[in-house]
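Residue numbering restarts at 1 for every chain, and letters A, B, ... go by the order of the sequence lines.
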Protein chains: 2
Amino acid sequence: MPRLDETLLRDVPPFRRLEGPEIREILDQALPKRFDAGAAVFREGHPATRFYLLLDGTIRVMRTSPEGEQVTSLHIPAGQLFGIAAALGRETYPATAVCAAECLTLSWPMSLWHVFVARYDGFAEEGYKTVGVRVAEMNQRIMDLATQRVEQRIASALLRLVNQTGRKVEGGVEIGFPITRQDISEMTGSTLHTVSRLLSRWERDGIVASRRKHVTVTDPHRLLLIAEG
Amino acid sequence: MPRLDETLLRDVPPFRRLEGPEIREILDQALPKRFDAGAAVFREGHPATRFYLLLDGTIRVMRTSPEGEQVTSLHIPAGQLFGIAAALGRETYPATAVCAAECLTLSWPMSLWHVFVARYDGFAEEGYKTVGVRVAEMNQRIMDLATQRVEQRIASALLRLVNQTGRKVEGGVEIGFPITRQDISEMTGSTLHTVSRLLSRWERDGIVASRRKHVTVTDPHRLLLIAEG
DNA sequence: TCCGGAGCTTGCGGCGGCGCAACGTCCGGT
DNA sequence: ACCGGACGTTGCGCCGCCGCAAGCTCCGGA
């Protein structure tokens with residue numbers, strides 16, 4: 001197996017403060033892996049044996065209700081750590097990580113988490129900061145679900161995805177991975193019908209454009225106005 | 001100022017593994033404080049200068065939406081750490097901590113967090129475990145808000161409060177702090193009217209009993225059936 | 001090239017829960 | 001003992017959103 005290239009980690013926040021030899025050390029212990037779109041990296045409730053870095057793609061963090069309904073907690077863009085159960089003092093993964101598109105990951109045995117934290121400058125801080133950002137995001141979702149109407153929640157969700165993963169295309173910014181009406185409904189506590197109706201209306205109004213599995217925001221400003229009520 | 005009694009920390013999880021001298025050391029750096037019901041210990045967005053241990057009472061963790069609506073994220077029972085922004089790599093508190101009843105706290109400068117983590121066996125683990133439990137609880141709330149109807153959410157909320165803070169009284173288990181219909185509505189993303197109507201119905205059905213600011217669950221089993229749909 | 005299935009759209013009817021409004025009740029302060 | 005305010009209850013009407021149903025479009029595989 002060829003050695004992994006050091007540039008992989010150079011610009012990734014958790015490792016940003018490290019020097020070449022340290023990065024080499026970390027890479028030599030990493031297990032690279034490719035996942036197809038739709039594949040699960042790990043599942044809710046399973047033993048948390050490894051933690052991951054997402055090199056490319058987008059991860060969808062999901063949970064399943066007792067009745068079998070899917071709920072998406074958040075999306076993780078490339079460059080971030082995930083599955084870091086050790087940072088939460090947990091022995092099992094709290095949610096399922098599904099690839100929204102083809103994904104490339106590095107992973108390490110969970111036992112190395114504490115080693116990395118002790119050994120590498122800034123790693124602990126960045127790791128816990130990642131947790132903090134996720135917590136803030138979850139808090140925001142709770143607020144939205146509790147106080148906003150569906151229309152506002154869907155507008156917010158689209159804006160968040162565009163900010164996290166968007167790429168410029170002609171006429172707007174496109175969400176950086178394939179996404180269905182059903183997916184959006186699972187992010188917003190809604191139904192695919194309602195999402196479809198709203199996207200149709202917004203398309204008529206020139207706010208978004210969408211093809212099957214692709215959504216482009218063409219007028220972010222007006223979408224923001226909707227999100228804010 | 002008299003020295004604080006060591007038994008204060010003996011049975012509190014974050015300090016459970018420590019010996020007398022270590023507990024002495026920690027207590028000598030602690031600032032004890034009493035808060036009236038309704039008082040804020042710290043506020044959302046303010047600099048996170050200290051972290052806290054709740055000795056007695058119940059803390060309500062709240063956020064305010066841009067439109068001024070209050071949302072309660074979770075309740076913290078006695079014996080737990082809170083305001084541990086450092087564990088999330090944050091410089092400001094992510095939410096407001098309000099006393100649901102009279103509260104007694106100990107607190108330490110946030111700079112000591114990293115000292116405690118490095119110095120005291122088990123402290124880091126317990127601290128991050130606390131974060132993990134809160135994250136799990138938030139995840140659960142997101143799921144509930146996204147998939148359950150108001151009736152189920154209110155039933156779940158009552159059961160959770162009873163489990164966390166309940167005390168046996170004749171005829172049932174009473175929630176361990178004063179709580180209004182408005183409070184419950186802010187926990188469940190509902191309105192005080194809906195909560196009132198449901199509590200009235202459940203009271204007729206013999207599932208709960210309530211007086212002003214007091215709620216007793218008299219038939220937890222049936223309430224659980226409602227919570228599960 | 002055809003077929004099947006996944007994804008998307010749209011109309012219609014129903015209803016859960018909200019908002020308003022009005023009124024009751026309990027408690028604490030002076 | 002009284003009064004004011006916070007807390008709680010309940011009826012009514014409305015509407016946002018869901019659930020069902022039917023049909024369309026697009027894409028990939030044999």
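The side chain of T180(A) places no N or O atom within less than 4.0 Å of a non-bridging phosphate oxygen (OP1 or OP2) of dG7(C). Here T191(A) reaches the OP1 or OP2 of dC18(D): one of its side-chain N or O atoms lies under 4.0 Å away. Residue S196(B) places none of its side-chain N or O atoms closer than 4.0 Å to OP1 or OP2 of dG8(D). OP1 or OP2 of dT10(D) has at least one side-chain nitrogen or oxygen of S200(B) nearer than 4.0 Å. Residue R181(A) places at least one side-chain N or O closer than 4.0 Å to OP1 or OP2 of dT9(C). For dC18(D), one of the phosphate oxygens OP1 or OP2 lies less than 4.0 angstrom from a side-chain nitrogen or oxygen of S190(A).
Rounding to whole angstrom units, CG of residue D183(B) and C1' of dC7(D) are separated by 11 Å. Distance CD (Q148(B)) to P (dC17(D)): 19 Å, rounded to an integer number of Å. We find that CZ of R212(A) is positioned 14 Å from P of dG5(C), with the value rounded to whole Å. A straight line from CD1 of I184(A) to P of dC18(D) spans 14 Å, rounded to a whole angstrom. Look at CD on E203(A): it is 10 Å from P on dT10(C), rounded to the nearest Å. Atoms CD (E67(B)) and P (dC18(C)) sit 16 Å apart, rounded to a whole Å. Going from atom CZ of R153(B) over to atom P of dG17(C) covers 8 Å, rounded to whole Å. For L198(A) and dC17(D), the CG to C1' distance is 10 Å, given to the nearest whole Å.
Note on ring orientation: taking the six-membered ring where Trp is involved, the planes of Y52(B) and Y93(B) are tilted (angle from 30° to 60°).
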Criterion side chain to side chain contact (heavy atoms under 4.5 Å, CB included) on E137(A) and Q164(A), from CA distance to verdict: CA-CA 12 Å; E137(A) 205 170 325; Q164(A) 279 182 355; 3.4 Å; yes
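Summarising the geometry of R181(B) relative to R211(B), their closest heavy-atom pair is NH1-O, 4.5 Å, with the distance given to 0.1 Å.
Minimum atom distance to the side chain of H193(B) is reached by dT10(D), of the listed dG5(D), dT10(D), dC18(D). When each of dC7(D), dG16(C), dG16(D) is scored by its nearest atom to the side-chain atoms of K213(B), the top-ranked nucleotide is dC7(D). The side chain of T194(A) has dC18(D) as its nearest neighbour among dC18(C), dG17(C), dC18(D).
Applying the 3.5 Å distance criterion, the base of dG11(D) shares a donor-acceptor pair with the side chain of R197(B).
Taking a 6.0 Å sphere around CD of E6(B), one finds it holds more than 12 heavy atoms contributed by other residues, nucleotides or ligands.
Where G189(A) and R201(B) each meet DNA chain D at their nearest nucleotide, the meeting point lying more 5' is that of R201(B).
Tested against F82(B) for a side-chain contact (heavy atoms from CB on, under 4.5 Å), the candidates L74(B), V41(B), V61(B) yield a single pass: V41(B).
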